[in-house]
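Single-structure report; data block below.
Positions are given from 1, in the same order as the sequence printed here. Quick caveat: nothing in here was measured; it's all calculated off a predicted structure. Because only heavy atoms are used, hydrogens play no part in the values below, and waters and symmetry mates are left out as well, while side chains stay in. Counting starts at 1 for both ligands and their atoms, following the listed order.
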Amino acid sequence: MSIALLTRLPAAEAARWRGLLEEALGEAIPAKPDPATVDIALVANPPAGSFEALPNLKFIQSLWAGVDSLLADASRPRNVPLARLIDPAMADTMAEAVAAYVLDLHRQGPLYRQQQAKRVWKQHLQPRPAERRIGILGMGAMGQRSAEVLRALGFTVSGWSRTGATVEGVTMQAGDDGLEALLTDTDILVNLLPLTKETRGLLDRLLFGQLPRGASVINFARGGHLVAADLLAALDDGHLDHAVLDVFETEPLPADDPLWRHAKVTLLPHVAASTDPRTAAAFVAANVRAWRAGEPVKGLVAAERGY
Ligand code: NAP
């Protein structure tokens, strides 16, 4: 049996992945395998129809943490287990990005940059980190590591997850009531949820209305979580102070999108925590080995749950 790498990544990037995966696995990944021999597919944005050509597929390993587009792929065989990427180095990178932009908002970066543009010398009261309440939606691999780093910086951190499972030093919430409780107590909201049918469009007018006036929003998860028109309205009417957006429903973000030039939006081109093939390859190889040995694999996705 053999492994196939299914991806629409640019050729040079795909070649780099192939080399690092082959090294970590200790075996070759044929560029054009006999489809009948392929039992394991390693996938990152697979070409349309590639699953249909593999009649003996037994295991799919995503090279990305988010699997929303794979779950939505109608050609993905429903009876073949799918695992997502869990790379602690990626969670570190996400936590670094969250800390960077939480600190920027906390230190009133957008306001001082606006003042600089107008040559305004004006000092504003600076709260302490403990006085700044950070609410994190999604307390999985990304959310938990981000919470840990924010706590180390002295921020007051709350989290919302499906189960509300305990996370040390974090006030945890679950369910609709829990979400409302978190939002009313949040100055900076950080979205790190997977995109599922329950979470699509969650960042909307209703949610923004539950945040205190002057709150800010960071969306580092998926563009589909955000109702952009509702965000623009909440920024324009002054209810929200600022938004940091890394992910968009359409990527690259079209040049005529109003988010590009909004004074209260910091825009990033989906760079919060890119997969690093150097560290990801080790996780993928370990999962492939576990699968072949009949041992439990990490990051198995529950399709009905959506993550
Ligand atoms: P994960 O480990 O699967 O964690 C998901 C978290 O969301 C869990 O805490 C889960 O609750 C919670 N959750 C799921 N559905 C929920 C619901 N309906 N209500 C409340 N909580 C819910 O995922 P992860 O590795 O942290 O990644 C999260 C997302 O980040 C990915 O799906 C991806 O979209 C995004 N991401 C973005 C970038 C970037 O560069 N911008 C990079 C990496 C990842 P339980 O704990 O109770 O299960």
Side-chain angles (χ1 to χ4, degrees), residues 44-45 61-72 82-101 135-150 157-168 170-183 189-204 207 217-226 243-249 251-253 266-277 279-280 283 287 297-307:
N45 197 9
Q61 172 67 57
S62 170
L63 303 183
W64 291 344
V67 287
D68 39 288
S69 53
L70 272 175
L71 288 174
L82 162 67
R84 65 195 193 84
L85 179 74
I86 305 179
D87 180 356
M90 187 192 230
D92 286 347
T93 305
M94 178 61 89
E96 175 190 281
V98 168
Y101 288 93
I136 303 179
L137 305 181
M139 288 296 290
M142 304 293 150
Q144 287 193 35
R145 183 72 185 112
S146 299
E148 205 178 324
V149 170
L150 292 172
V157 184
S158 299
W160 186 67
S161 70
R162 205 172 44 82
T163 54
T166 307
V167 176
E168 199 194 332
V170 177
T171 306
M172 285 299 297
Q173 303 285 0
D176 292 347
D177 291 348
L179 178 58
E180 192 175 345
L182 175 137
L183 294 170
L189 184 71
V190 182
N191 179 34
L192 293 172
L193 285 164
L195 184 61
T196 68
K197 57 183 186 310
E198 278 84 30
T199 64
R200 175 170 284 281
L202 187 74
L203 304 184
D204 66 355
L207 179 143
V217 172
I218 297 177
N219 186 18
F220 282 176
R222 282 290 182 265
H225 288 124
L226 178 72
V244 183
L245 307 176
D246 181 55
V247 284
F248 304 89
E249 190 82 82
E251 296 182 4
L253 186 67
T266 297
L267 207 143
L268 300 164
H270 202 143
V271 289
S274 306
T275 304
D276 183 340
T279 50
F283 173 86
N287 245 12
V297 297
K298 291 187 180 150
L300 266 191
V301 173
E304 70 290 351
R305 214 176 52 173
Y307 69 102

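Here's the thing with Arg305: none of its N/O atoms is less than 3.5 angstrom from an N/O atom of ligand 1. Considering both main-chain and side-chain atoms, Arg84 comes within under 3.5 Å of ligand 1 through a nitrogen or oxygen pair. Considering backbone and side-chain atoms together, Asp68 places no N or O closer than 3.5 Å to any N or O of ligand 1. Residue Ala273 has at least one nitrogen or oxygen atom sitting less than 3.5 Å from a nitrogen or oxygen atom of ligand 1, judged on distance alone. When only interatomic distances are considered, the shortest N/O to N/O separation between Gly66 and ligand 1 does not fall below 3.5 Å. Geometrically, ligand 1 and Asp246 share a nitrogen or oxygen pair separated by less than 3.5 Å. Residue Trp160 has no N or O atom closer than 3.5 Å to an N or O atom of ligand 1. Residue Leu195 has no N or O atom closer than 3.5 Å to an N or O atom of ligand 1.
Listed for the Ser158 side chain is no donor-acceptor partner under 3.5 Å among the backbone atoms of Gly135. In this structure a side-chain-to-backbone donor-acceptor pair under 3.5 Å is present from Asp87 to Ala280. With hydrogens and angles disregarded, no donor-acceptor distance shorter than 3.5 Å links the side chain of Thr275 to the backbone of Pro277. The closest donor-acceptor contact from the side chain of Asn287 to the backbone of Lys298 lies under 3.5 Å.
From the protein, the heavy atom lying nearest to atom 4 (O) of ligand 1 is Gly140 CA, 3.1 Å. Ranking protein heavy atoms by distance to atom 38 (C) of ligand 1, first place goes to Met94 CE, 3.4 Å. Phe220 O, 3.2 Å is the protein heavy atom nearest to atom 37 (C) of ligand 1. Looking only at protein heavy atoms, the nearest one to atom 24 (P) of ligand 1 is Met142 CG, 3.6 Å. Remark: minimum distance from atom 45 (P) of ligand 1 to any protein heavy atom is reached at Tyr307 OH, 3.5 Å. In terms of protein heavy-atom proximity, atom 28 (C) of ligand 1 is nearest to Leu192 O, 3.3 Å. Among protein heavy atoms, atom 29 (C) of ligand 1 sits closest to Leu193 O, 3.6 Å. The single protein non-hydrogen atom nearest to atom 5 (C) of ligand 1 is Pro194 CD, 3.5 Å, given as residue, atom name and distance.
Both the backbone and the side chain of Arg162 come within 4.0 Å of ligand 1, judged by heavy-atom distances. Of all the heavy atoms of Val247, the ones lying under 4.0 Å from any atom of ligand 1 belong exclusively to the side chain. The proximity of Thr199 to ligand 1, defined as any non-hydrogen pair under 4.0 Å, is limited to the side chain.
Contact annotation: Ala165 has no heavy atom less than 4.0 Å from any atom of ligand 1.
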Under 3.5 Å, sequence neighbours excluded: what are the donor-acceptor pairs made by side chains of residues 266-274?
unit_1	atom_1	unit_2	atom_2	d
Thr266	OG1	His242	NE2	2.7
His270	ND1	Glu251	OE1	2.7
His270	ND1	Glu251	OE2	3.3

Would Leu137 and Leu179 count as a side-chain contact (heavy atoms from CB on, under 4.5 Å) here? Give the steps.
CA-CA 9 Å; Leu137 305 181; Leu179 178 58; 3.6 Å; yes
side-chain contact (heavy atoms from CB on, under 4.5 Å) evaluation trace for Phe283 with Gln61:
CA-CA 10 Å; Phe283 173 86; Gln61 172 67 57; 3.7 Å; yes
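Short contacts between ligand 1 and His270, defined as distances under 4.0 Å to a heavy atom of the residue, involve ligand atoms 39 (C), 40 (O), 41 (N). Close approach of ligand 1 to Thr163 is summarised as follows: ligand atoms under 4.0 Å from at least one heavy atom of the residue are 45 (P), 47 (O).
Proximity of Leu226 to Val217: side-chain heavy atoms (C-beta onward) are nowhere separated by under 4.5 Å.
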